[in-house]
Amino acid sequence: MFQDALIKLKEQVKDSAILSGRAFNDIEIIAVTKTRTLEEMKAVAKLGLTSFGENKVQELQSKYNDFDENINWHLIGHLQRNKVKYIIDKVSLIHSVDSLRLAETISLEAKKQNIVARILVQVNVANEDTKFGIKISEAEAFIKEIGLLQNIKVEGLMTIAPYTLYPEENRKYFRALKQLSVDINKQRLDNISMNILSMGMTNDFQVAIEEGATMIRVGTGIFGERDY
Ligand SMILES: *Cc1c(COP(=O)(O)O)cnc(C)c1O
């Protein structure tokens, strides 16, 4: 199960990594596991994909105990402040920080657990009304502000590009997110690193890697079409 898809995916990741002057190992594949069964997830873990991305807190919580500590859980969907406490000790990275109040809550809950929460700032690069995320023009000020919070560490940026059948259309958005990370990095801000760029999904991950993605979030390209 999934072996052929994974072989193909890895080849494509490698090709795109080389096009951008990097190697396969420079790109982390997050298997997006929303709606997938435990059996499907275990099959994929067995094949060596041990980073899982869930977009709902409840689903992550309900699956979490069925796996051991070898799995890295990523919260990739919109996060409500009242749910932070349920996942703060379970996830290795929160991709979707999009408000100061959310960042403050994460820092507070992390403090209670005596941990530092690793987070990405979600940027709405294409300015879509339907998507969460900070505007590019506001990202720098926002990041400076949340960098002051004690129990979070900003590791980079994340974006969800518009849905399109033509991945080339998203190249400009991926390029803009990369440029933003370069601009922020130049300022050498305390507590802010721009090492991670989480961008690219099944339809457009190759273009995203070519433009500098270090993490791609792939669901359909591994598991097949989702059945909601
Ligand atoms: C579902 C989802 C993905 C994966 O989408 P696919 O097109 O199935 O690869 C990636 N990122 C986020 C935030 C998602 O919700």
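Along the sequence shown, the residues carry numbers beginning at 1. Read the numbers this way: they start at 1 and go in the same order the structure lists the ligands and their atoms.
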Please table the atom pairs, donor to acceptor, closer than 3.5 Å between any side-chain atom in residues 42-51 and protein atoms at least two apart or in another chain.
unit_1	atom_1	unit_2	atom_2	d
Lys42	NZ	Asp66	O	3.1
Ser51	OG	Glu28	OE2	2.7

Lys90 charged N/C atom sitting above Tyr64 aromatic ring, 6.0 Å / 45°: yes
Interatomic spacing from NZ in Lys153 to CD1 in Ile115 - rounded to 0.5 Å: 15.0 Å
Glu54 and Gln61 side chains, donor-acceptor separation under 3.5 Å: no
Those protein residues which place at least one heavy atom below 4.0 Å from ligand 1: Val32, Lys34, Asn55, Ile76, Ile160, Met201, Thr202, Arg217, Val218, Gly219, Thr220, Arg226
Test side-chain contact (heavy atoms from CB on, under 4.5 Å) applied to Ile88 and Leu108, Asn151, Thr105, Ile106, the passing residue: Ile106
Ion pair check, Glu155 and Arg118, cut-off under 4.0 Å: yes
